[in-house]
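Down below is the structure, laid out as structure tokens.
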Amino acid sequence: MSNRRPRILILTAGFGDGHLQVSSALLHYFHAQQVNQVQIIDLMKEAHPVLNSLFSKVYQMSTFTSQLGFDYYGWSYYMTRDSNPSGPVMRYLNGLVKGKMLETISRFRPDAIINTFPFGVVSERECVHAARTFTVITDYALHSRWIHPYTFGYYVATNEIKNQMVRNYDAAAGKISVTGIPVRPQFYTAAAEGPLPRAAQGTAKGKRILIMAGTFTVFQQLVELIHLLVDQEVCEITVVCGRKQQAYEKLTTLFSGQPQVNMVGYVKNIHDLMAASSCIVTKAGGITLSEAVILKLPIFILSPYGGQERENARYFKTNGMAQISSNVRQLAEQLRDFLGAPTIADRIRGKMAEFHKGAAGELIVNDILKTLQNYQDANHDYELMLRP
């Protein structure tokens, strides 16, 4: 019988970049183990491109409507958070993509299926070609939609999530590994270089605030924050505008006479910018928070949206790794106090160091490969080359 390496199918979704980044990180670590037959598929996009585009627009619009008091995404999140994972809502969502999944399984014949988005699981009876299914939960809070009766193993960010799964959903503790959330390997490289870039690339005082423009639903809020920080004259400010070209051009014009304010568009080396900063103002997405933890970068969050972002923010605040503000003036005051008291930064970085569990992507990939090796049968004789 000839040996072969396993085939891995990673399920993701394009609602925000987080799930795609987790999938990319897992792909990297599988390749590092010489497992090259790895396919990433956006099930909803492949199965229903028009419906996927509609869902994506509705999700994006929720950030704007929440500012007007119509937080439909947050309401739906909390209404269904503790619902039955096998109930009609989840059956409907799974049904939307099941046909495409079965088609992909039949064609690709994977040995493991990894979910990085909370729907799209099939039973072992349906998934005759897959040895095991796994779920990587990409938030610091648990929603029932992540729970699937056919999942062989879960990878979660915290002990609290594991305990909640065992307590509320009778999940076997042995099926749940607390690994953290996978991020791209560049962040570990930047972290290994140490804190020197913070002083070397910042101002004379080595104080730089990194602001993610996507944090601000209302453009004027971002302008107000920059003005407040410039007036305090305590730091250098870098604003990442991403693909928001119009915002980039407006901000560049508004602050052209302020040498301590630096505007950048879309950047591939965001890990370098984060590593060279004293703190970050950002949304409370699970991936960005995980990246900040690796770099021991203190986090400031403005009015987190209802749903997983609000729960992520609350978890980080409770555990001393982030501060939450309800308005721009409060945020500016928090930043000023933070930069004026180095002991605050030391305390936050200490909390992050205690919290960090290692390279989550590497831990997850190695565990999955060992699981496949342990449970191989006569038709699945894998050649695994695990590196220490």
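Sequence positions, counted from 1, serve as the residue numbers for this chain. As the structure is a computational prediction, the values presented were derived from the model and not from experiment.
- The closest donor-acceptor contact from the side chain of T12 to the backbone of I41 lies at 3.5 Å or more, if one exists at all.
- Qualifying side-chain hydrogen bond (donor to acceptor under 3.5 Å, both in side chains) partners for Y78, counting only residues two or more places apart in sequence or in other chains: E311.
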* What's the verdict on side chain to side chain contact (heavy atoms under 4.5 Å, CB included) for L295 and I280, showing C-alpha distance, side-chain angles and the deciding distance? -> CA-CA 11 Å; L295 295 170; I280 184 172; over 6 Å; no
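- For S76, the side chain to side chain contact (heavy atoms under 4.5 Å, CB included) partners are Y73, not counting sequence neighbours.
- Applying the salt bridge (Lys or Arg N to Asp or Glu O under 4.0 Å) test to every pair with at least one member in residues 168-192, sequence neighbours left out, gives these pairs: R184-E291.
- Between the side chain of S23 and the backbone N or O of H19, at least one donor-acceptor pair lies under 3.5 Å.
- Between T371 and F134 there is a side-chain heavy-atom pair separated by less than 4.5 Å.
- Applying the salt bridge (charged side-chain N to carboxylate O under 4.0 Å, His left out) test to E160 and every residue at least two apart in sequence or in another chain returns nothing.
- By the side chain to side chain contact (heavy atoms under 4.5 Å, CB included) test, K357 is found to be paired with V178, F355, residues two or more places apart in sequence or in another chain being considered.
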Review item, side-chain donor-acceptor pairs of residues 137-144, under 3.5 Å, at least two apart:
unit_1: D139; atom_1: OD1; unit_2: N312; atom_2: ND2; d: 3.3
unit_1: Y140; atom_1: OH; unit_2: S290; atom_2: OG; d: 2.6
unit_1: H143; atom_1: ND1; unit_2: R145; atom_2: N; d: 3.1
unit_1: H143; atom_1: NE2; unit_2: Y77; atom_2: O; d: 3.1
unit_1: H143; atom_1: NE2; unit_2: T80; atom_2: OG1; d: 2.9
unit_1: H143; atom_1: NE2; unit_2: R81; atom_2: N; d: 3.4
unit_1: S144; atom_1: OG; unit_2: T80; atom_2: O; d: 3.0
unit_1: S144; atom_1: OG; unit_2: R81; atom_2: O; d: 3.2
unit_1: S144; atom_1: OG; unit_2: S83; atom_2: O; d: 3.2
unit_1: S144; atom_1: OG; unit_2: S83; atom_2: OG; d: 3.2

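- Partners of E249 by salt bridge (charged side-chain N to carboxylate O under 4.0 Å, His left out), not counting sequence neighbours: none found.
- No donor-acceptor distance shorter than 3.5 angstrom exists from the side chain of E362 to the backbone of Y29, with no hydrogens or angles considered.
- Remark: H227 pairs with F255 by the ring pair (Phe, Tyr, Trp, His ring centres under 6.0 Å) rule, at least two apart or across chains.
- The closest side-chain heavy-atom distance from R336 to L228 is not below 4.5 Å.
- The side chain to side chain contact (heavy atoms under 4.5 Å, CB included) check on Q220 picks up V218, V223, with sequence neighbours excluded.
- Residues satisfying the ring pair (Phe, Tyr, Trp, His ring centres under 6.0 Å) test with F187, not counting sequence neighbours, are H271.
- Considering only residues two or more places apart in sequence or on other chains, F300 meets the ring pair (Phe, Tyr, Trp, His ring centres under 6.0 Å) condition with F338.
- The side chain to side chain contact (heavy atoms under 4.5 Å, CB included) search around N168 returns Q164, not counting sequence neighbours.
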